[in-house]
Every structure is written in C-alpha cells, then in structure tokens.
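Reviewing the structure listed below.
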Amino acid sequence: MRRKIAAGNWKMNGSSAALSELDALARLLPTERHADVVICPPAQLLSQAVSTAKPHSIHIGAQDCHMQTAGAFTGDISAPMIADTGATYVITGHSERRAAHHEADADVRAKTQSAQAAGLTAILCIGETLAHRQANRTLEIIADQLAGSLPDDVTADSLIIAYEPIWAIGTGEVATLPQITEVHDFIRGQLTTRFGEATGNSIPLLYGGSVKPDNAATIFEAENVDGALVGGASLKASDFAPIIAALAAS
Ligand code: PGA
C-alpha cells in the first residue's frame, strides 16, 4: 500500500506569525493521522517551521532548490542547505518556476537529483496548459515531462510526483474525476514501464490544482491519487485540515 500525503505549498506567502497555523493544524488533526502532512513555507521560514512542526509530526519542505550544492548563485539555496534546516522535502519543477524562471525538464531533473542526493524527498510537478489540453496533447506532454524530468534512480522514499494541470492552479477550476483518473493512470503506467512494477507502483502520485475542502473527497476517489499538493487552501489550518481528513478517510 502506498503512503498518503497531503502537501501544502504556501508559495510566497507567510511571515513568522503564519507558523501559528501549524499549531492550529495539529489541534484540528487526530494523532492517528493515516496520512503524512507536509508544509512547504517560503525559504526564510524553513528552520523555524521545522522547530514548530516537529512536535506535531508535520514534515517541512522547501519550494525549490538549486541543482548545484554551493557556489556563485546569488539568491538561490541548495538541497544540502535545505536539508541542513531539518526540512525533509522539496518541490521541484512547479509550473510557476517552469514558467517564471524558465526551468526546463533537464533543470528539473538535475534539481530532483540534487534533492535526492541530499536525502530530501522531491515532490516533482508536471502538468499541461489549457492550450495543450484543448489540442488533445495532455498525455503526450505528460509523457515528455516524465521522460525529461525524472532521474533514472527513483524510490518511493525519494520521489513523489504531483500532477498539476496548469489551468487548474489558483483558478478555482478543478479537473474532473475522469480527467484526473486518466492522467494519474497514465502516469502510473509510464512509471511501471520505466522503473518496473514494484518501484513504479510504489511512488505516490498527488493531484494539485484548486483542491479545496469541498472537492477533496471526490478527487481522492481515484485509485492512483495518493494525496494532494494544495496551494491556497493550505494557508489556513481550517481549510487544510478537512482536506487531510478526507485523504485519511479515502
Ligand atoms: P492551488 O495551487 O491549490 O492554489 O490551485 C496548487 C499549487 O500550485 O501547488
């Protein structure tokens, strides 16, 4: 059985006061959780978030890492630096980074490898644009992104894949259950073909894109959906807790 993961991506939101949401989240969740909870705050909060989250068994992740371990890369942080804060996850290849920072599949692959080498679990994001979907190119784009972004060495402990249709991110537009099922089943097939049945079936697949308390339970009905990567609805414990509860109950 694959582990279930609810990951929150705070994006460029949150100062130290926002960390009280971690305490609030822990108060709203049962101790027996049946799902792993990961929060990815902005980089300046990583160390403090690790300390706050530790007693609550909430895991902390970064939102990006550099592909090199150190050097003259002003403004970047590397995977070993993230690991040094005590964080254990990092998002790689989020569509906002692919678009705004021109990250290509090869960059995402190198970042994912660097994350794995530092002992972090990478949450690698893929997803099609609305134009791709309308042109019936979704599965072709997903196949290309998987082929180009995934390292050759993957394990269930070092890799999670998040399918995030770009048109559903931050738009309130959510993919339908048949759309999600089709893509997640396709990703599972690509993984088992490339890495073999055992490894391919062990890697958790998250759905992301306007996941909210009122649509989470439906999304988690899909067999190959093992959790969610949540943006807006992860900022408030009162929104994120029911999503985690729906995942745990699925
Ligand atoms: P959203 O963001 O839940 O606000 O749509 C998801 C994401 O970008 O990971």
Side-chain angles (χ1 to χ4, degrees), residues 4-14 18 21 25 35-43 45-46 49 58-65 82 87 89-103 108 111-112 115 120-130 132-133 138 141-142 145-146 149 159-177 179-180 183-184 187 204-220 222 225-247 250:
K4 298 176 181 179
I5 300 138
N9 173 11
W10 283 7
K11 309 193 178 182
M12 200 171 73
N13 296 292
E21 291 300 321
L25 190 58
D36 290 343
V37 179
V38 184
I39 295 283
C40 302
L45 290 180
L46 283 174
I58 293 172
H59 307 278
I60 298 298
Q63 299 173 11
D64 176 50
C65 66
I82 292 165
Y89 289 76
V90 60
I91 298 170
T92 57
H94 190 282
S95 59
E96 286 155 14
R97 302 233 24 122
R98 289 178 185 260
H101 297 266
H102 312 291
E103 291 185 10
V108 178
K111 287 177 178 222
T112 304
L120 301 171
T121 301
I123 304 175
L124 193 163
C125 303
I126 54 174
E128 82 286 4
T129 62
L130 186 59
H132 289 142
R133 179 160 282 277
T138 299
I141 295 297
I142 295 297
Q145 289 178 339
L146 286 172
S149 320
L159 181 75
I160 293 166
I161 294 174
Y163 167 57
E164 299 204 303
I166 294 169
W167 49 272
I169 294 177
T171 58
E173 189 99 19
V174 64
T176 63
L177 187 58
Q179 287 172 328
I180 296 171
V183 177
H184 278 243
I187 296 170
L205 305 185
L206 312 186
Y207 171 78
S210 299
V211 177
K212 307 285 178 206
D214 62 355
N215 60 27
T218 305
I219 293 166
F220 298 141
V225 172
D226 304 306
L229 179 56
V230 184
S234 71
L235 292 170
K236 287 268 160 270
S238 52
D239 290 330
F240 199 31
I243 296 173
I244 299 164
L247 177 62
S250 68

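Counting starts at 1 for both ligands and their atoms, following the listed order. Quick note: numbers below take in every heavy atom, side chains included, and nothing from hydrogens, waters or symmetry partners.
Using a 4.0 Å cut-off to heavy atoms of N9, the atoms of ligand 1 that qualify are 9 (O). Those atoms of ligand 1 that come under 4.0 Å of a heavy atom in G209, given as number and element, are 5 (O). For ligand 1, the atoms sitting less than 4.0 Å from at least one non-hydrogen atom of L229 are 9 (O), numbered in the order shown with element in parentheses. Within the listing of ligand 1, atoms 1 (P), 4 (O), 5 (O) sit less than 4.0 angstrom from a heavy atom of G170. Near K11, meaning under 4.0 Å from one of its heavy atoms, ligand 1 places the atoms 2 (O), 7 (C), 8 (O). Near A168, the atoms of ligand 1 lying under 4.0 angstrom from a non-hydrogen atom of the residue are 5 (O). Of all the atoms in ligand 1, the ones that sit under 4.0 Å from a non-hydrogen atom of S210 are 1 (P), 3 (O), 5 (O). Set against the non-hydrogen atoms of I169, the atoms of ligand 1 under 4.0 Å away are 2 (O), 5 (O), 8 (O).
Of the heavy atoms in A162, none comes closer than 4.0 Å to ligand 1.
At a threshold of 4.5 Å between non-hydrogen side-chain atoms, the residues L205 and Y163 do not count as touching. Within the 4.5 Å cutoff, the side chain of D226 has no heavy atoms near those of the I5 side chain. Residues Q179 and T138 are not in side-chain contact: their nearest non-hydrogen atoms beyond the backbone lie 4.5 Å or more apart.
Between E164 and ligand 1, at least one N/O pair is under 3.5 Å apart. Taking only nitrogen or oxygen atoms, main chain and side chain alike, G231 reaches within less than 3.5 Å of ligand 1. Ligand 1 has an N or O atom lying under 3.5 Å from an N or O atom of H94, backbone or side chain. Between K212 and ligand 1, no N or O atom pair is found at a separation short of 3.5 Å.
Looking at H94, its side chain does come within 3.5 Å of a backbone N or O of E96 through a donor-acceptor pair. With hydrogens and angles disregarded, a donor-acceptor distance shorter than 3.5 Å links the side chain of Q145 to the backbone of G127. For E21 (side chain) and A237 (main-chain N/O), a donor-acceptor pair under 3.5 Å exists by modelled atom type. Looking at S234, its side chain never comes within 3.5 Å of a backbone N or O of F240 through a donor-acceptor pair. Under a 3.5 Å cut-off, the side chain of K4 and the backbone N or O of L247 do form a donor-acceptor pair.
Contact annotation: G208 has no heavy atom less than 4.0 Å from any atom of ligand 1.
When only non-hydrogen protein atoms are considered, atom 4 (O) of ligand 1 lies nearest to G232 N, 2.9 Å.
Between H184 and Y207, the angle of the ring planes lies from 30° to 60°, which puts this pair in the tilted group.
Partner T92 forms a side-chain contact (heavy atoms from CB on, under 4.5 Å) with one of L120, V108, I123, L159 and no other, that one being V108.
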